[in-house]
Each structure stands twice: as C-alpha cells, then as structure tokens.
Peer 1: 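Take this structure, written in structure tokens, and hold onto it; I'll ask about it next.
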Amino acid sequence: MSMLGTGVSALQANAQANYQAQIADRNAAMEREAAQQEIANTQQEALAHYRKVAALKGQQRVAAAANGVSLDFGTAADVLASTDQLAREDTKRIYETGNNRLRSRDINASNYTAQASADRQAGTGALVKGVFDMGSTALGGVQQYAALKDAYGKKPVNLLTGTPFG
C-alpha cells in the first residue's frame, strides 16, 4: 500500500510541476506580446513627437515671416537649428526609454521560459524519485518478509533471484 501511495505522490508532483511550467510558458508568451506592444508604443510616441516638432517649427517660421525676418541666417536660423537639435535629443530619449522597456520585457520572457524548463525538469525528477522510492519500498518489504520467515525457522528465499538467503 505504501508503494502505491509513493507512486501516486510522484504522479501528483509531476502534474503540479507541469502545471507550473504551463503557467510560466503563458507568462513568457504574454511578456513577448507586451514587448511587441512596447515597440509599437515607442514608434507612436516618436511619431507624435515628430508631429509636435513640425508644428513648433511651423509656428517659428510663421512668427519670423510675420516680423519680416529671413530664416536663412541669423537668429531665426539659429532658433530653427536649436529646435532641430533638441528634437533629436528628445527623440533619442524616447527610443532609449522604449528600448529599456523592451529589454525588461525580453528579460522577463527569458526568465519565465527558464522557469518553465526548470518546472518540467522538477516534474521529471519527481517521477524518477518516485520510481526509486517505490523500488526502495518494495525491497524493504522483501527484507521484512525475509526477517519474518527467518524468525519462524524457515529459510527465507530472495524473491528477486529465487535463491535461499544465507
């Protein structure tokens, strides 16, 4: 009876480990989906920034033209150049932030994938341990049987080989 309980426990441990592996696999898939969304969000954020910069430069041009200032040189040209420079710096920050968020998602997905693998290995380990424990329980039973036979004066027989002990 003890051997049966050991086998059932091993099967339950394997099933639990496989369930945990499935959860980790799903979490990894969700992180990969979120990573793709991060890429799209970063691109949209950069696009919105480009539009704002274009609108600002348009306002700067209109203001300069309304005051009769040429945009080819001087302060008006410097203002446009500064706007371009700051816009590039802001765009770089947008992409760096997006890449950091993406990297975080990639790391999480990798961690979940590794966890799934470890859970599957734990499940296999539980089955192997269960088999060895069942064998140990069976051998213990054989030893008890041999001791009882010996206690009653009968020569015990090795049930695995069929030969008498001692």
Side-chain angles (χ1 to χ4, degrees), residues 1-140:
M1 196 57 138
S2 175
M3 193 167 86
L4 180 62
T6 301
V8 169
S9 292
L11 290 173
Q12 287 174 335
N14 178 267
Q16 179 64 32
N18 284 332
Y19 175 72
Q20 290 173 334
Q22 288 174 348
I23 291 171
D25 282 335
R26 181 64 188 133
N27 287 339
M30 290 170 60
E31 284 292 335
R32 284 190 287 275
E33 288 173 20
Q36 292 302 312
Q37 189 60 50
E38 287 292 350
I39 292 170
N41 290 346
T42 299
Q43 291 170 342
Q44 288 300 317
E45 188 178 348
L47 187 59
H49 177 67
Y50 292 139
R51 288 182 180 130
K52 287 179 187 175
V53 170
L56 175 62
K57 286 175 69 176
Q59 291 171 351
Q60 290 169 341
R61 285 186 178 108
V62 167
N67 290 317
V69 178
S70 174
L71 297 172
D72 297 339
F73 63 93
T75 304
D78 291 343
V79 168
L80 288 176
S82 293
T83 300
D84 285 337
Q85 176 64 31
L86 293 172
R88 283 190 297 272
E89 290 174 9
D90 289 343
T91 302
K92 180 182 175 194
R93 274 191 287 281
I94 289 169
Y95 279 109
E96 285 174 349
T97 301
N99 285 337
N100 287 338
R101 288 189 307 249
L102 177 61
R103 183 173 181 262
S104 175
R105 296 292 186 174
D106 285 343
I107 289 169
N108 287 343
S110 294
N111 288 341
Y112 283 126
T113 300
Q115 182 63 47
S117 177
D119 288 338
R120 283 189 193 87
Q121 289 176 356
T124 301
L127 287 177
V128 170
K129 181 184 180 308
V131 168
F132 281 115
D133 288 349
M134 288 171 60
S136 175
T137 301
L139 287 175

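Since we're looking at a predicted model, the values are computed, not measured. Numbers for residues simply follow the sequence, beginning at 1.
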Peer 1: Out of curiosity, E38 CD to E33 CD, how far, rounded to the nearest 0.5 Å?
Peer 2: 13.0 Å

Peer 1: Do the non-hydrogen side-chain atoms of Q43 and L47 ever get within less than 4.5 Å of each other?
Peer 2: no

Peer 1: Using the test salt bridge (Lys or Arg N to Asp or Glu O under 4.0 Å), find all partners of D84 that sit at least two apart in sequence or belong to another chain.
Peer 2: K57

Peer 1: Nearest 0.5 Å, what's the CD1-CG distance between I107 and L102?
Peer 2: 10.0 Å

Peer 1: Can a salt bridge be assigned to the pair D106 and R103 using a cut-off of 4.0 Å between side-chain N and carboxylate O?
Peer 2: no

Peer 1: Do E89 and K92 come within less than 4.5 Å of each other through their side chains, counting heavy atoms only?
Peer 2: no

Peer 1: Heavy-atom distance under 4.5 Å between the side chains of S104 and N100, does that happen here?
Peer 2: no

Peer 1: Quick one: OG1 on T91 to CZ on R88, what's the gap to the nearest 0.5 Å?
Peer 2: 9.0 Å

Peer 1: Measure the shortest side-chain to side-chain distance between M30 and R26 over non-hydrogen atoms and say whether it is less than 4.5 angstrom.
Peer 2: yes

Peer 1: Is it true that a side-chain atom of N14 and a backbone atom of A10 form a donor plus acceptor pair closer than 3.5 Å?
Peer 2: no

Peer 1: Work out which heavy atom in A46 is nearest to a heavy atom in I94; give both atom names and the distance.
Peer 2: N-CG2, 4.0 Å

Peer 1: Can you check whether D90's main-chain N or O pairs, donor with acceptor, with H49's side chain at less than 3.5 Å?
Peer 2: no

Peer 1: Please determine, by modelled atom types, if D119 and Q115 share a side-chain donor-acceptor pair under 3.5 angstrom.
Peer 2: yes

Peer 1: Mind checking the CZ-OG spacing from R120 to S117? Nearest 0.5 Å is all I need.
Peer 2: 7.0 Å

Peer 1: Can you find a heavy atom in the side chain of T113 that is under 4.5 Å from one in the side chain of D25?
Peer 2: no

Peer 1: First locate atom CG of L80, then atom OG1 of T75, and finally report the distance between them rounded to the nearest 0.5 Å.
Peer 2: 11.0 Å

Peer 1: Taking atom types as modelled, is there a side-chain donor on N41 or Q37 under 3.5 Å from an acceptor on the other?
Peer 2: yes

Peer 1: Identify every side-chain donor-acceptor pair in residues 59-72 under 3.5 Å, counting partners at least two apart or on other chains, and give the distances.
Peer 2:
unit_1 : atom_1 : unit_2 : atom_2 : d
Q60    : OE1    : T83    : OG1    : 3.1
Q60    : NE2    : T83    : OG1    : 2.8
N67    : ND2    : A63    : O      : 3.1
S70    : OG     : D72    : N      : 3.3

